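Report on the following structure.
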Amino acid sequence: MAQAKPKDFAQAPTPAPNLLRILTLVTVIGVVIALVFALNIAGTDIEQGEVQRIFYVHMPAFFGAFLAFGATVLGGIMYLWKRDPKWDRLAVAGVEVGFAFAMINLITGSIWARPIWNTWWTWDPRLTSEAIMVLTYAAYMMLRAGIDNMDTRRRFASVYGILAFATVLLTLFIIRFREDTIHPTVVGNSPQNAQGTFAASDGVVTALMVGLVIWGLLVPVTLMWYRIRLENMLDWVNRKKMEVLSA
Amino acid sequence: MKTGFWQVTFAILRKDMLAEIRSRELLSVMGLFALLSVLIFSFALEMDREARETAISGVIWVTVAFASIIGLNRSMSSEREQGSFDALLLAPVDRSALFLGKFLGNFVVVLLVGLILLPLGTLLYNITLITPWVLVILVLGIFGISTTGTLLAAMTAQTRARDALLSIAMLPIVLPVLLASVRATTSIISGDPTDLWISWPQILLVMDVIYMVLCFFTFGFIIEE
Amino acid sequence: MKNRQFGWAKWLIIGGMLLLVALPLYAQEDAAEGSSDAEMSEEEAPEIPFYSSADGFNVPVLTTWVDESDDKTAFFLNPDLQARIVTTATGEGDDPTEVAAEALGATITSEPIFSNRVNTADGTWEQRYYDEGNSNVSILSKIEEGRRYVIAFIEDDPEVAVYMPLVDRTWEEDTTLPGIEQAIESLGIAAIDELPEPTIETVSLPSGDWESATYDIDGTTVTGYGLNFGVTDYVAIAIGDADATQMVDAYNYTLLGGFFITSDNTAYLYLGLAVTAAIFIVLLGSIWLRWRNARRDLSTVEQLASD
């Protein structure tokens, strides 16, 4: 099979490379370690009770989403520059994985808020901007699904993926715009009207750091890798279909 | 030979403006929508003066956002239907100049709607909205909405869902602009001291520049082929 | 189509991506700068060491007392004062007196000299007071989330008798004198109308500024301490000449300084973890499903191609 591979097309699917296998194994072990740190090693917060442990997933999940959406921006820029679909695969993987992490961030936050703020949801600036961020990436997926031409789809998605990052930045910086948020910050001091703050003791910091590495880096990277492989596979199937149809 | 950048920009702006002056289609639809929206809000929210002061800026900006979606949809789909865009693409012109022309057209029309809204709000809500700073915020806010709006409308005009997709895609992205505009307007009309809200126009200006640069450079990718 | 628009921007993009990684940290730092006032006030507040029970309640540690707590019961004793303070939790139906006696290592055989229920800002407490000759016992208990929490105080000093009753505030004035007098009557020491004029002082203790009233009742010194705490007056009555302030302070420090129950919200933690797991399973499941379908399509297409 010495045919020239057109740049625009996918590569033949290969069995998972060893690096991916190792990464998967490391990730699985890492998740277990993160859970042990969050559930056993970190002490129980005496004011908030056991539910405070949700935080060790909640905050790293935002960073996981941030990383994945950042990858979408990178993928978008690189696709528009190089026009190599592999960059678009990175972008779409970033959106799907980031969306999952943002949902985890949103829902775990809501579950934590029920016993601590005594409500599932409040129209707090940070919660609102996070919800809008999730909706933006839902719009990204709808936009992708709404375009049939592969090339147009990739171009539009790249542009929208870059623009959508504005909402991620808004969620990050909203505490600066609107001081009336009740959402606590853990690194640094919370706004004065924050409700549900807790002391960042050594155990908390350790469990948080472990959580950040696992949930904020390892898990999203591994998931994105699998998602990229899937997108490559889908492109490959499309290419084969085209070949059969044109033959 | 390539036509000059500003020549193209102003040619497109002139074309859009002329078409609009002849048909008055966009402005009448958007103006009517704005009138209805402000009326409906004033019926729906029966409030005392203080509550109106906080609500009016929200009403104005929600109306501006939705009116601009209506206008953008019309402006881009008519471009597609008449095929004038495809013709322009064949011509050796700078894509960014196309964007700037379309953007300026949309900006002017939405700004007109905004300028109609201010006396309307003043009349119906009995709150003075026509002050220099409110006008500054209006210009900055509509600038931000129009940049992303023009880009996304050009994008969604080429999709199946079109109108529906534009609102879904555009609203979350212009939200930072809307948020800053609403906060600034509320502060200004309730007579807060300048240093309390001066950061809002600054933030708006920064966002306008960022959006403008992003949209200016990415527009070329939207209308290839 | 070759696009040269970004040729010059290569390094800009790389630099931008690097900056991007630093953004979350910058946002957090900013929030910290904005509230340096909060930082100041937080540092000024002294760190109170807390005892946390496996049964879910917390009390401040009495640092000057001997700590003999185990993992479920907080137990502090002061050999000089011959006093013990115990905080424990038990089943809803258990008798607080029996539980307190067992935890204190004392026998309580007499009927309470006084008992009632008091509504404090912290819920309804049932209080019982016992006079066992040399020993005097104060027992507080309340039921919350299906558990009964018991705070008991005992002193074995034959020279002195100390009780720590809580009194509902039914008067408007700021003084705690009516509460002290009411407590003296309730404990059966003397009727309110027969009380002589007291000597009133203010005693500043770590638990608060107390008002003390000393009476001379038939040659016996009775000292009442009172602390206004909103709907409730925290009162201590000491019969005898010994100075009871240390005991008063220790016991009320336990009560006011921070007895609180860590709410049991483990169910929410599990719900959160379950949702997290569910989202990952949905994502992985959808990736796997799409992969399998793609594989199937591929084999169909390849078959068609070879036919």
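Note that the structure is a prediction, hence the values are computed from the model and not measured. Convention: sequence-line order gives letters A, B, ...; per-chain numbering from 1.
With a 6.0 Å radius and a threshold of 12 heavy atoms from other residues, nucleotides or ligands, Phe33(B) has its CZ atom above the threshold.
In this structure, Gln158(B) and Thr152(A) approach most closely via the heavy-atom pair OE1-CG2, 4.2 Å. For the residue pair Tyr160(A) and Ala169(B), the shortest heavy atom distance occurs at OH-O, 2.6 Å. Met155(B) and Leu143(A) make their closest contact through SD-CD2, 3.6 Å (heavy atoms, listed as atom of the first residue, atom of the second, distance). Closest of all the heavy-atom pairs between Leu165(B) and Met142(A) is CD1-CB, 4.1 Å. The shortest non-hydrogen separation linking Phe221(B) to Phe156(A) is O-CE1, 4.4 Å.
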Side chain to side chain contact (heavy atoms under 4.5 Å, CB included) between Leu163(A) and Leu151(B), intermediate numbers included: CA-CA 10 Å; Leu163(A) 276 183; Leu151(B) 180 84; 3.3 Å; yes

Side-chain donor-acceptor contacts of residues 171-180 of chain B below 3.5 Å, not counting sequence neighbours, with atom names and distances?
none

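Residue Thr136(A) touches chain B through both its backbone and its side chain, counting heavy-atom pairs closer than 4.5 Å. With a threshold of 4.5 angstrom between heavy atoms, Phe219(B) does not approach chain A through any atom at all. When heavy atoms are compared at a cutoff of 4.5 Å, Ala145(A) approaches chain B solely by way of its backbone atoms N, CA, C and O. If you measure heavy-atom distances from Thr148(B) to chain A, the contacts under 4.5 Å come from the side chain alone. For Ile168(B), the parts sitting under 4.5 Å from any heavy atom of chain A are the backbone and the side chain alike. For chain A, no part of Ile210(B) is nearby; none of its heavy atoms comes within less than 4.5 Å.
The line from CZ of Arg144(A) to OG1 of Thr159(B) is 14.0 Å long, rounded to the nearest 0.5 Å. Note that CG of Leu170(A) and CE of Met207(B) are 8.0 Å apart. Values are rounded to the nearest 0.5 Å.
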